[in-house]
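Beneath this line is the structure, given in structure tokens, with notes to follow.
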Amino acid sequence: MNTVGPYHNRQETYKYFSLPFCVGKKKSISHYHETLGEALQGVELEFSGLDIKFKEDVMQATYCEIELDKAKRDAFVYAIKNHYWYQMYIDDLPIWGIVGEADENGEDYYLWTYKKLEIGYNGNRIVDVNLTSEGKVKLVPNTKVPMSYSVKWKKSDVHFEDRFDKYLDPSFFQHRIHWFSIFNSFMMVIFLVGLVSMILMRTLRKDYARYSKEEEMDDMDRDLGDEYGWKQVHGDVFRPSSHPLMFSSLIGSGCQIFAVSLIVIIVAMVEDLYTERGSMLSTAIFVYAATSPVNGYFGGSLYARQGGRRWIKQMFIGAFLIPAMVCGTAFFINFIAIYYHASRAIPFGTMVAVCCICFFVILPLNLVGTILGRNLAGQPNFPCRVNAVPRPIPEKKWFMEPAVIVCLGGILPFGSIFIEMYFIFTSFWAYKIYYVYGFMMLVLVILCIVTVCVTIVCTYFLLNAEDYRWQWTSFLSAASTAIYVYMYSFYYYFFKTK
């Protein structure tokens, strides 16, 4: 048995035996081990005590009795009122069943007491499991409620590799709208790339023509001429950004997240990770730890090029930036889960394991990456000198201010991914298994192209307004996509879930 919880909130789960169900006679089950991913996702497997042997039918038999006192009845009534249902696994195949039901006027409550299992086998493998709940018993205090089960084995033609197909929902995930949204995003990408290349080709050609004309003037004309545009900031454009330590740590972490997303999506496309509990999370943690040198390399080399001296501090911040945020959020949720005795509560051993991964895997690999980055790509090779005195930044129109550019920059990338976010949120809050990682790969590619285009255009506008503070603007104009995704998750939670 895994967990029990309200139908309308998939994230709220409790141990199956937190409800006063009774246990069968069989004491233990062979070969069960819990993985790191399962422990973090709140899987709480406990043996039901049902005695089931391969290909041996069982007629309806009572496996235990619940002695229903008032407290136990109240627990069941609460569960039935909130539409609780439970999840169990047979040979790693999930099955769901409902706890009980109320009559029309909501006065009497009934418990389903008879689990009727039909198990399909192909050769020596289980390929299909169905559960029917029967045996409605009215809940009356101070009575005994017998719990029974039966098992029927039938031959099935389903191949072992395809046994998860019945849990997937192609009509939802491969709906025309999903294809249409991908097509739509692709059109937008083509339009954007065309626009960016046109803007840059045409305006830069104009700019070059103007600047070369100015080269030919003599000094007298040049002093009278109206020089403007990006050429004016050539002596300041390679000035280090403000807060270079934080900046390079963010860039390094970003490169690592990109590498992790790419690898995990490819692995998920090749291996069907959704068929195993917690395997997606375990894979992501493993890949994240393994790609730590990427973080060190890009963060460390950027910090060195910006003339940073405190590289050890930068390495620590870069290594622990994302783990600290994720673990901080997880610990906070964990306290709530412990308070409510929910199955989401992460065991202490798992916390220790995650901390060990951070200190003994991520940190050393990050150090290796940082040293490589500083030595291989740490020398600044800028095409023009940086002036000793920073140039004053002229007044510009309100829509050229970095804050406005940052807010507007995230809209296009968010527009290209938000349909996919809808499908991902739906699989998080509703009972659907997300399996279309090919779509996700396409969306990731689209997102990258759109982001590149948006940041190039934003940086060009900023430099043309003779503002040389481009580093943070270039980073944040695309990073603001994340804020839009966060706002969309609130919208989805309040308006789309029950």
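All heavy atoms count here, side chains included; hydrogens, waters and symmetry mates do not.
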Ser480 (side chain) donor-acceptor with Gly410 (main chain) under 3.5 angstrom: yes
Basic-acidic side-chain contact under 4.0 Å: Lys166, Asp128: yes
Within 6.0 angstrom of Lys396 NZ, more than 12 heavy atoms from elsewhere: yes
Side chains of Tyr86 and Thr3 in contact at under 4.5 Å (non-hydrogen atoms): no
Side-chain (Ser249) to main-chain (Leu245) donor-acceptor, under 3.5 angstrom: yes
Main-chain N/O of Val43 paired to Asn2 side chain as donor or acceptor, under 3.5 Å: no
Heavy-atom closest contact (Gly373 atom, Ser301 atom, distance): O-CB, 3.4 Å
Close side-chain approach of Leu93 to Tyr167, heavy-atom, < 4.5 Å: yes
Pairs where residues 336-378 contributes a residue and the test ring-ring contact (aromatic ring centres under 6.0 Å, His included) is met, not counting sequence neighbours: Phe320-Phe359
N/O donor-acceptor pair under 3.5 Å between Ser477 side chain and Gly409 backbone: no
Check: Phe247 ring centroid to Trp472 ring centroid under 6.0 Å: yes
Any side-chain heavy-atom pair of Asn295 and Leu365 under 4.5 Å: no
The single option from Trp429, Tyr434, Tyr492 passing ring pair (Phe, Tyr, Trp, His ring centres under 6.0 Å) against Tyr422: Tyr492
Other residues, nucleotides, ligands: >12 heavy atoms within 6.0 Å of Glu276 CD: no
Phe173 six-ring face occupied by Lys432 cation (under 6.0 Å, within 45°): no
Lys206 atom NZ, neighbour heavy-atom count above 12 within 6.0 Å: no
Minimum heavy-atom distance Met88-Leu117, with the two atoms named: CE-CD2, 4.5 Å
Sub-4.5 Å side-chain heavy-atom contact between Met269 and Met440: no
Inter- and intrachain pairs under ring-ring contact (aromatic ring centres under 6.0 Å, His included), touching residues 260-298, at least two apart: none
Sub-6.0 Å ring centroid separation between Tyr488 and Phe425: yes
For Phe382, all residues meeting ring-ring contact (aromatic ring centres under 6.0 Å, His included), sequence neighbours excluded: Phe238
Short side-chain to backbone donor-acceptor contact, Ser279 and Leu273, under 3.5 Å: yes
Nearest atoms (heavy-atom pairs only) where Ala39 meets Thr350: CB-OG1, 3.4 Å
Nearest atoms (heavy-atom pairs only) where Ile182 meets Ile446: O-CD1, 4.1 Å
N/O donor-acceptor pair under 3.5 Å between Thr291 side chain and Val294 backbone: no
Enclosure of Gln174 CD (heavy-atom neighbours >12, cutoff 6.0 Å): yes
Over all atoms of both residues, closest heavy-atom pair of Val4 and Ser18: CG1-OG, 4.2 Å
Arg277 charged N/C atom sitting above Tyr89 aromatic ring, 6.0 Å / 45°: yes
Shortest non-hydrogen separation from Ala304 to Arg374 and the atoms involved: CB-NH1, 3.9 Å
Expected output: side-chain Asn9 to main-chain Gln11 donor-acceptor under 3.5 Å: yes
Donor-acceptor contact present, side-chain Asn122 to main-chain Val158, <3.5 Å: yes
Residue Phe475 excluded, over 12 heavy atoms near CZ under 6.0 Å: yes
CH2 (Trp179) with more than 12 external heavy atoms under 6.0 Å: no
